Amino acid sequence: MRSVEDRQARTARVFVQRFSATRQGARLARLLAGHQLYMWGIPYGSRLGQAVELVVAELAANAVLLGRVPGRGFELRLVRDEGARTVRVEVSDTHPGRPERGAAPVDADGGRGLVLVESVTSRWGVAARSAPGKAVWAEIDWP
């Protein structure tokens with residue numbers, strides 16, 4: 001018989017939703033991410049909740065503004081891995097371009113998104129997909 005720790009080490013909760021590649025779709029992704037975290041027991045306004053919502057907002061905005069392909073949306077995937085004590089955020093779009101930190105100049109209108117993501121996450125990166133495009137992911141560890 002497995003111990004509670006052994007079962008918990010293998011527990012992951014997953015939320016997946018597709019959104020339209022619009023500003024409204026990006027806003028809805030952030031709001032639903034906050035709600036999903038709450039359903040998983042992570043309080044609204046907690047440090048972890050705020051960090052995840054910020055990451056979702058930035059990655060979704062990038063998918064809408066920089067990764068948009070006409071007629072195609074983007075996908076948000078949240079994974080709460082209780083064994084590793086992380087929350088993983090993935091935003092996938094169908095644009096082939098890969099984001100790089102510091103690739104866009106920082107000005108009054110933008111260029112800070114990935115810098116913000118890097119400041120509140122434990123690690124982030126870009127992964128290939130089986131479908132066209134890429135998935136930008138970030139993981140946040142919690143104590």
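Every value quoted in this text rests on a predicted model; they were computed, and no experiment measured them.
Among all heavy-atom pairs drawn from Ala33 and Leu76, the shortest one is CB-CD2, 4.3 Å. Between Ala12 and Val79 the shortest heavy-atom distance is CB-CG1, 4.3 Å. Across all their heavy atoms, Tyr44 and Gly34 have their closest contact at CE2-O, 3.5 Å. Closest heavy-atom contact between Phe74 and Gly25: CZ-O, 3.8 Å. In this structure, Ala61 and Ala26 approach most closely via the heavy-atom pair N-CB, 4.2 Å. Among all heavy-atom pairs drawn from Ser92 and Arg129, the shortest one is CB-NH1, 3.0 Å.
Distance alone, capped at 3.5 Å, places no donor-acceptor pair between the Lys134 side chain and the Thr94 backbone. A side-chain donor-acceptor contact under 3.5 Å links Ser122 to the backbone of Asp141. Within the 3.5 Å criterion, the main-chain N or O of Trp124 finds no donor-acceptor partner in the side chain of Thr121. In this structure a side-chain-to-backbone donor-acceptor pair under 3.5 Å is missing from Ser46 to Ile42.
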Exercise for review: I would like to know whether Arg27 and Arg23 meet side chain to side chain contact (heavy atoms under 4.5 Å, CB included); could you show each step before the answer?
Suggested key: CA-CA 6 Å; Arg27 180 177 181 272; Arg23 291 177 189 259; over 6 Å; no
Exercise for review: Might you work through the side chain to side chain contact (heavy atoms under 4.5 Å, CB included) test for Leu78 and Val56, ending with a clear yes or no?
Suggested key: CA-CA 9 Å; Leu78 299 175; Val56 170; 4.1 Å; yes
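Annotation for Arg123: atom CZ counts as buried by contact number, over 12 foreign heavy atoms lying within 6.0 Å.
If you take CZ on Arg77 and CD on Gln17, they are separated by 12.0 Å, rounding to the nearest 0.5 Å. Rounded to the nearest 0.5 angstrom, Glu82 CD and Trp40 CH2 are separated by 9.5 Å. In this structure, CD on Glu58 lies 8.0 Å from CG on Leu114, to the nearest 0.5 angstrom. Asp81 contributes atom CG, which lies 4.5 Å from atom OG1 of Thr86 (distance to the nearest 0.5 angstrom). Rounded to the nearest 0.5 Å, atoms CZ (Arg72) and CZ (Arg18) are 8.5 Å apart. Here Leu28 contributes atom CG and Phe19 contributes atom CZ; the two are 5.0 Å apart, rounded to the nearest 0.5 Å.
Note on Val136 and Val120: same hydrophobic cluster, where clusters join Ile, Leu, Val, Met, Phe, Trp and Tyr whose side-chain heavy atoms are under 4.5 Å apart, directly or indirectly. Hydrophobic cluster membership differs between Leu37 and Trp137, with clusters built from Ile, Leu, Val, Met, Phe, Trp and Tyr side chains linked at under 4.5 angstrom. Under the 4.5 Å side-chain heavy-atom criterion for Ile, Leu, Val, Met, Phe, Trp and Tyr, Val126 and Ile140 are members of the same hydrophobic cluster. Note on Val117: it clusters hydrophobically with Trp142, by side-chain heavy-atom contacts below 4.5 Å among ILVMFWY residues.
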Would you list the atom pairs, donor with acceptor, under 3.5 Å between side chains in residues 47-55 and any protein atom, with sequence neighbours excluded?
none

